[in-house]
Amino acid sequence: MQSLGDWRRTHYSRQVKPDMDSEKVTLMGWIHEIRDLGGIIFLLLRDRDGVTQITAPSKKVSKELIEEIRKLRKESVVAVKGTVQESGKAPGGVEIIPEEIELLNQSQQPLPLDPTEKVRAEIDTRLDSRFLDLRKHSVNSIFKIKSRMLHSVRLFLEEQEFIEINTPKLVASATEGGTELFPITYFEREAFLGQSPQLYKQMMMATSLDKVYEIAPIFRAEEHDTLRHLNEAISIDVEVAFADQEDVMILLEEMVAQAIKDVKENCGEELETIGVELEVPETPFPRLEYAEVVDLVNAKGVNLRYGEDLSRAAEKAIGEVMDGYYFISDWPSEIKPFYVMPRPENPQVSLAFDLMYRDLEISSGAMRVHLHDLLVERIKSKGLNPDSFNRYLAAFQYGMPPHAGWGLGAERFTMCLTGARNIRETVLFPRDRRRLTP
RNA sequence: GCCCUGGUGGUGUAGGGGCUAUCAUGUGGGCCUGUCGAGCCCACGACUCGGGUUCAAAUCCCGGCCAGGGCGCCA
């Protein structure tokens with residue numbers, strides 16, 4: 001096996017164009033395919049986002065080099081120095097006549113799956129050999145899109161003068177109720193992996209930083225086993241002081257629309273690779289009240305009582321009516337967490353909202369309770385013990401402004417951007433009920 | 001956690017009590033100077049595990065493990 005030495009890549013595949021005829025280039029990548037026709041050998045060299053044909057006719061290339069090419073195996077890593085040749089017969093109208101080929105690392109055979117996608121592999125097989133799966137442009141395009149989306153989200157929030165924060169992922173409390181937590185050993189004590197930055201970002205509202213965001217993993221020990229749940233996911237969390245639910249709904253829809261526009265403008269190749277035509281939604285997004293949704297769902301023949309959370313059947317029913325992005329607001333206080341503000345004039349209804357895309361919930365948020373005594377009352381009414389929230393509650397006793405915020409699931413949003421039907425497609429190394437490796 | 005379905009070469013599959021276990025792709029070798037899902041020839045490579053029924057089990061039955069789908073759970 002050879003080292004790089006003074007070889008360096010001069011171009012990526014995609015940058016090699018017909019108008020570069022007779023230029024010398026150095027490409028580095030993986031052997032995608034070898035077609036040996038005897039007197040002429042075609043090598044397809046693949047790199048991060050393209051494939052270039054290396055053509056070795058016996059008349060133009062030395063015997064020694066031909067022999068070396070014959071030793072190459074699929075998915076081996078090579079560096080090729082050669083001359084660009086314009087050719088109507090080559091894919092993309094351009095090929096490279098090699099002068100030197102350096103084998104940087106030979107690949108073993110047979111491969112655990114087929115990166116050329118002639119034979120498809122199941123998701124389980126693919127995730128076991130994810131490094132190889134990710135060499136497929138159709139697969140790595142999803143992550144280029146996810147990256148661009150996160151970049152766009154950061155740009156948007158930074159422009160609005162949000163401050164990026166980092167809250168702890170090792171937490172003491174298992175008493176928040178709701179979701180199951182992953183217990184861990186913290187020296188001589190038990191601790192947990194954080195399920196949400198919720199309580200921390202709210203405490204930030206009492207610090208005068210006013211507008212904060214965090215993009216970080218959340219951990220949930222639920223034994224769910226569906227195409228849209230993960231046990232480790234990335235949450236895009238925002239909290240804003242001196243704002244109400246309507247303010248942060250506008251922020252959310254503007255951010256989502258902007259991210260979609262950004263991805264559409266900057267990820268054209270990737271979207272084409274995965275066959276997705278993105279539509280930038282118009283703002284404001286449609287807004288439905290929970291009570292309307294109950295009626296709509298029942299009209300569709302799916303039984304849903306007022307006060308119940310949306311069942312999967314209910315989500316699907318409403319998803320058939322609402323095609324794109326839309327909000328559901330005015331949820332019953334009873335099915336929303338303690339920190340959600342009840343409507344002052346009608347406390348049975350809360351100032352909470354969900355952002356949906358068709359039948360998929362991608363975000364939920366609310367105006368929060370900023371009044372200490374009301375918060376304690378709400379904690380009690382949820383059957384929780386206020387004593388275990390002392391450090392959180394203290395932030396509400398010395399000047400907590402009214403505030404609102406939301407959390408947006410990065411993977412679920414990526415599903416919307418890429419059309420992925422399985423959320424595992426949007427995570428490099430997903431963690432689900434059974435999978436903990438690689 | 002519940003329900004349904006499945007587990008056959010490296011990958012993806014056909015078969016569904018007894019024949020040399022099908023096909024594609026792949027891998028190894030050979031032929032071929034314009035391939036682009038290259039083509040042609042030769043070879044290689046598999047029945048999830050444990051128990052049971054049977055003269056005989058990849059096939060039927062029971063259980064485990066694993067996977068796919070649906071649901072539930074998801075402050």
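The chains referred to below are lettered A, B, ... by the order of the sequence lines, with proteins before strands, and numbering in each begins at 1.
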For [X], does the [atom1] atom sit with more than 12 other heavy atoms under 6.0 Å from it, leaving out its own atoms?
{"X": "A:Phe429", "atom1": "CZ", "answer": "yes"}
{"X": "A:Glu334", "atom1": "CD", "answer": "no"}
{"X": "A:Arg312", "atom1": "CZ", "answer": "yes"}

Within this structure, what is the [atom1]-to-[atom2] distance between [X] and [N], rounded to whole angstrom?
{"X": "A:Phe192", "N": "B:A75", "atom1": "CZ", "atom2": "C1'", "value": "15 Å"}
{"X": "A:Leu181", "N": "B:C74", "atom1": "CG", "atom2": "P", "value": "13 Å"}
{"X": "A:Glu361", "N": "B:C73", "atom1": "CD", "atom2": "P", "value": "13 Å"}
{"X": "A:Asp237", "N": "B:A75", "atom1": "CG", "atom2": "P", "value": "13 Å"}
{"X": "A:Tyr392", "N": "B:A75", "atom1": "OH", "atom2": "C1'", "value": "11 Å"}
{"X": "A:Glu180", "N": "B:C74", "atom1": "CD", "atom2": "P", "value": "9 Å"}
{"X": "A:Lys336", "N": "B:C74", "atom1": "NZ", "atom2": "C1'", "value": "12 Å"}
{"X": "A:Asp354", "N": "B:A75", "atom1": "CG", "atom2": "P", "value": "11 Å"}

Would you say [Y] and [X] are linked by a side-chain donor-acceptor pair, where the criterion is simply a distance under 3.5 Å?
{"X": "A:Thr55", "Y": "A:Gln53", "answer": "yes"}
{"X": "A:Thr167", "Y": "A:Lys169", "answer": "yes"}
{"X": "A:Glu117", "Y": "A:Ser138", "answer": "yes"}

Residue list, side-chain hydrogen bond (donor to acceptor under 3.5 Å, both in side chains) with A:Asp49, at least two apart or on another chain
none
Among residues 294-328 of chain A, which ones have heavy-atom contacts with RNA chain B below 4.0 Å?
A:Ser311, A:Arg312, A:Lys316
For RNA chain B, the residues among residues 407-425 of chain A that have a non-hydrogen atom under 4.0 Å from it
none
In what stems does RNA chain B take part, counting only runs of at least 3 consecutive Watson-Crick or G-U pairs whose two distances fall under 3.5 Å?
B:1-7 with B:65-71, B:10-12 with B:23-25, B:26-31 with B:39-44, B:48-52 with B:60-64
Any carboxylate oxygen within less than 4.0 angstrom of a Lys/Arg side-chain nitrogen, looking at A:Glu320 and A:Lys300?
yes
Can a salt bridge be assigned to the pair A:Glu99 and A:Lys81 using a cut-off of 4.0 Å between side-chain N and carboxylate O?
no
Inter-nucleotide [atom1] distance ([N], [M]), Å rounded:
{"N": "B:G30", "M": "B:A67", "atom1": "C1'", "answer": "40 Å"}
{"N": "B:C65", "M": "B:G26", "atom1": "P", "answer": "37 Å"}
{"N": "B:A38", "M": "B:U27", "atom1": "P", "answer": "11 Å"}
{"N": "B:U48", "M": "B:U8", "atom1": "C1'", "answer": "10 Å"}
{"N": "B:A14", "M": "B:A46", "atom1": "C1'", "answer": "13 Å"}
{"N": "B:C62", "M": "B:G6", "atom1": "P", "answer": "13 Å"}
{"N": "B:C60", "M": "B:U53", "atom1": "C1'", "answer": "8 Å"}
{"N": "B:G64", "M": "B:C4", "atom1": "P", "answer": "14 Å"}

Counting primed atoms, P, OP1 and OP2 as sugar-phosphate and everything else as base, the B/S/- map of nucleotides 25-35 of chain B against protein heavy atoms under 4.0 Å is SSSSS--BBBB
Side chains of A:Gln245 and A:Ser329: does their closest heavy-atom pair fall under 4.5 Å?
no
Could you tell me if the side chain of A:Pro337 sits less than 4.5 Å from the side chain of A:Lys382, heavy atoms only?
no
Kindly assign one of parallel, tilted or perpendicular to the pair A:His224 and A:His229, based on the angle between their ring planes and the thresholds 30° and 60°.
parallel
Whether A:Phe285 and A:Tyr325 hold their rings parallel, tilted or perpendicular, with breakpoints at 30° and 60°:
parallel
Using the 3.5 Å cut-off, write out each protein N or O paired with an N or O of nucleotides 65-67 of chain B and the distance between them.
residue, atom, partner, partner atom, Å
B:A67, OP2, A:Arg434, NE, 2.8

Hey, which of A:Gln106, A:Gln109, A:Arg46, A:Gln108 is the one that makes side-chain hydrogen bond (donor to acceptor under 3.5 Å, both in side chains) with A:Glu75?
A:Arg46
Side chain of A:Tyr339 only, heavy atoms from C-beta on: which candidate in B:A75, B:C73, B:G12 is closest?
B:A75
Taking all atoms of both residues into account, what is the closest heavy-atom pair of A:Arg130 and A:Val427, and its distance?
NH2-O, 2.7 Å
Would you give me the side-chain donor-acceptor pairs under 3.5 Å for residues 60-69 of chain A, sequence neighbours excluded?
residue, atom, partner, partner atom, Å
A:Ser62, OG, A:Leu65, N, 3.2

Could you list all the side chain to side chain donor-acceptor pair (under 3.5 Å) pairs where at least one residue sits in residues 341-353 of chain A, not counting sequence neighbours?
A:Asp330-A:Arg343
For residues 400-429 of chain A, which residue pairs pass the salt bridge (Lys or Arg N to Asp or Glu O under 4.0 Å) check, not counting sequence neighbours?
A:Arg126-A:Glu425, A:Lys146-A:Glu411, A:Arg424-A:Asp432
Going by salt bridge (Lys or Arg N to Asp or Glu O under 4.0 Å), name the pairs with one or both residues in residues 85-97 of chain A, residues two or more places apart or in two chains.
none
Comparing A:Ala121 with A:His229, nearest RNA chain B nucleotide closer to 5' gives the residue A:Ala121
Detail all sub-3.5 Å separations between protein N/O atoms and N/O atoms belonging to nucleotides 5-7 of chain B.
none

The criterion is salt bridge (Lys or Arg N to Asp or Glu O under 4.0 Å); which residues satisfy it with A:Glu246, sequence neighbours excluded?
A:Arg287
